[in-house]
Structure formats: C-alpha cells, structure tokens
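Read through the structure below, which is laid out as structure tokens, and then see the notes.
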There are 2 protein chains.
Amino acid sequence: MQKTIFIFGALVLALLVLFQLSKYSLVSGNTSIEFIIAGIAIVFFVIGIIINKKVLYKEKNNSEEIDHEKIKTLGLSKREYEVLCEIATGLSNKEIAEKLFVSESTIKTHVSNILVKLNAKRRTQAIQIAKELRIIQF
Amino acid sequence: MQKTIFIFGALVLALLVLFQLSKYSLVSGNTSIEFIIAGIAIVFFVIGIIINKKVLYKEKNNSEEIDHEKIKTLGLSKREYEVLCEIATGLSNKEIAEKLFVSESTIKTHVSNILVKLNAKRRTQAIQIAKELRIIQF
DNA sequence: ATACAATTCATACTTTAGTATGAGTGATTT
DNA sequence: AAATCACTCATACTAAAGTATGAATTGTAT
C-alpha cells in the first residue's frame, strides 16, 4: 500500500517536471513541438503498459492462489491435504505410502476421509473438485 | 494478420491527425500547451493499456490452448481423446460408458490404450501427463 | 477388392481402490 | 484426569480399474 502511494507520488512529480520542461523548451525555441509530443506520447505509452501489466499480474496470481481458508472449512487435516496433493500428481496409494513413510492402509484411511470431506466418489473426482475449490494448483 | 495491419494503419493515421491538430491549435492560440500535452498523454496511456491487454490475452490463450498436433503425434484416436477428457472430469468407466452410449468394456479397452499411449500407469497419472502435454484443459 | 485403422464388445483374470470396523498412540484441550 | 483429535495400522471385504486376448463391424485408403 505504501509502495503504491510512493509510486504514484513519484509519477505525478515526474509529470509536473515534464510539463515545465516542455513549456520552457518551447518558449526558448530550441525544440520542435513534434519532438515534445512524441516524447510525451512514448512516456505515457510505456506507463500505461507497465501499470496494466502489474494489475493483470495481480489478478493472475489471485486466481492461482490456494484457498487455505477453504481447506479448514472442509475439515481437511494437514496429513489429508498432503495425501490429496499426492493423489493429484497421479500416484497410487502404495506410492504415496512409500513417499510419506507410512503403510498403505493408512493412506487408504486418509483417502476415504478425503473423499467424504470433498463429497467425491473417486479420487479422480476429488482432483477435479479440489481444483474447482482452488485447494490445489494447476 | 490483415487485422493487425489495419489497426496499425488507423493508429498511425490518428497520430498524424493529432500532431497537426496540436500544431494548428497552438499557432491559433486558443488552446493552452498544458491541455494538449494532457490530451496526448491520456490518449497514449489508453493505447498502451489496450495494446498490452491484447498481447497478454493472446499469451494467456496460447498457454491454455490445446495442442492438437501433439494428440496426433501420440496416436490418440478421436474416441480415445473423448474418453481421456471424461476421465479428467472424474467420471468412472461405467459413467463414461453411459455418457458415450457404449459398453463399459469398450471404455476399458480405450482406457488401456490411452494409458499405453500416454505412458501412464493409472488414470490419475494420465490426467497429469495430459495436462503437462497441453492436451486437456485446466 | 483388400488391406488397414478405428470402434465396438466379451470373457477371464489380476491389481488397485475404496469401505467398514476396531484399535493403539501421542498431543492438546477442558 | 478425562475427553478429543489427528495419525497410525490391521483385517476383511466389495467395487472399480486395468490387462490380455480374441473377434466382429465399418469406413477409408491403396
């Protein structure tokens, strides 16, 4: 927030300087009007692009962010969420068990709980639902 | 392509008109220099935003577009691709069979072929691989 | 015409996935 | 101290998923 205010302040200052520069160089007569106009056009063109890029970047980031609040709301525990992420990468129960150093039956228990909490019938459906809820990335 | 040329042509024309207008109004003396500069600044600011938005939109679309070439390269048939898309939505073989009006064993055959062609061990892995290859959306 | 690829289906089988139930442990809360 | 929760694990079962094989049909290309 403070950053935004600082940037806008600097911007306004730069514009005022530009205004005065233009006026003086016009009065003194050693610069043509076309040159000044072209300069101003380029400066504002670039400013427009930069500002737009920042805004769109924020929007993009927001749409790809994980909704940690929703994870809590659904009642997914830390371990269950871990398992959910591994499911989404395409691992089998056995592979997940090896990766997390627990038994396959433990993973089965977690998966069952995940399916209930996400209201899914299958793990493939759980992946879809988790994506729609912005719980996992892609 | 022709569209781009047309737009750029119109843009250059508009700029020339702006230049001349500025000069004349300055010479005639009924418009202040600040007003002209402000006008030009606004116009180019807006142009910058518009052009930037279009470029980013295209980039975004490209990154989300389906690579039809890759589908052919992998040797996926039309029907197999249909089944792959349904798998990605989280449907079971039986549900896919009902949706496509064929038997479950037909879907099983398709799924087996899909897994071989995508080099996947499971359907969940197939979803991931298909996403990475930009064959399906998300 | 025939060779070929795509699609369909079946049967039999193996492997995963998922459910149900019960239970033990450690950490945290009341 | 007792209750609660998250995590762990096991067993036994049912339900899907996936493999292998063979075969019939249809449209298309040679």
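Basis for what follows: all heavy atoms, side chains included, without hydrogens, waters or symmetry-related copies.
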At a cut-off of 3.5 Å, list every protein nitrogen or oxygen paired with a nitrogen or oxygen from nucleotides 24-30 of chain D, distance to 0.1 Å.
none

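- Residues meeting the side-chain contact (heavy atoms from CB on, under 4.5 Å) test with B:Thr109, sequence neighbours left out: B:Asn113.
- OP1 or OP2 of D:dC9 has at least one side-chain nitrogen or oxygen of A:Thr106 nearer than 4.0 Å.
- Listed by chain and residue number, nothing satisfies the side-chain hydrogen bond (donor to acceptor under 3.5 Å, both in side chains) test with A:Lys121 (two or more places apart in sequence, or in another chain).
- Of the residues in residues 75-87 of chain B, those placing a heavy atom less than 4.0 Å from an atom of DNA chain C are B:Ser77, B:Lys78, B:Arg79, in numerical order.
- Scanning for side-chain hydrogen bond (donor to acceptor under 3.5 Å, both in side chains) contacts around B:Lys117 gives B:Glu80, with sequence neighbours left out.
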Produce the list of close N/O pairs, under 3.5 Å, pairing protein atoms with atoms of nucleotides 22-30 of chain C; give distances to one decimal.
none

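- Within residues 111-121 of chain B, the residues approached by DNA chain D to less than 4.0 Å at the level of any non-hydrogen atom are B:Val111, B:Ser112, B:Leu115, in residue-number order.
- Annotation: side-chain hydrogen bond (donor to acceptor under 3.5 Å, both in side chains) contacts of A:Gln137 (sequence neighbours excluded): none.
- Contact check for B:Gln125 versus B:Asn119: no side-chain heavy atoms found under the 4.5 Å cut-off.
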Inset, instruction - Please test B:Arg134 against B:Ile66 for side chain to side chain contact (heavy atoms under 4.5 Å, CB included), starting from the C-alpha separation and ending with a verdict. - result: CA-CA 5 Å; B:Arg134 300 195 183 290; B:Ile66 291 168; over 6 Å; no
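- Listed by chain and residue number, nothing satisfies the side-chain hydrogen bond (donor to acceptor under 3.5 Å, both in side chains) test with A:Ser112 (two or more places apart in sequence, or in another chain).
- For A:Ser103, whose side chain is taken as the heavy atoms from C-beta onward, the closest listed nucleotide among D:dT8, C:dT8, D:dC9 is D:dC9.
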Protein N or O to nucleotides 12-16 of chain D N or O, pairs below 3.5 Å:
none

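- Rounded to 10°, the helix from C:dA1-D:dT30 to C:dT30-D:dA1 has 40° between the axis fitted to its first five pairs and the one fitted to its last five.
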Show me the donor-acceptor pairs, under 3.5 Å and distance only, between side chains in residues 94-101 of chain A and residues at least two apart or in other chains.
{"residue": "A:Glu95", "atom": "OE1", "partner": "A:Ser92", "partner atom": "N", "Å": "3.0"}
{"residue": "A:Glu95", "atom": "OE1", "partner": "B:Arg122", "partner atom": "NH2", "Å": "2.7"}
{"residue": "A:Glu95", "atom": "OE2", "partner": "B:Arg122", "partner atom": "NH2", "Å": "3.3"}
{"residue": "A:Lys99", "atom": "NZ", "partner": "A:Glu86", "partner atom": "OE1", "Å": "3.1"}

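- Between the CD1 atom of A:Ile107 and the P atom of D:dA10 there is a distance of 12 Å, given to the nearest Å.
- To the nearest angstrom, P of C:dT15 lies 16 Å from CD of A:Glu95.
- Residue-level contact check: B:Ser105 touches the bases, meaning some heavy atom is under 4.0 Å from a base atom.
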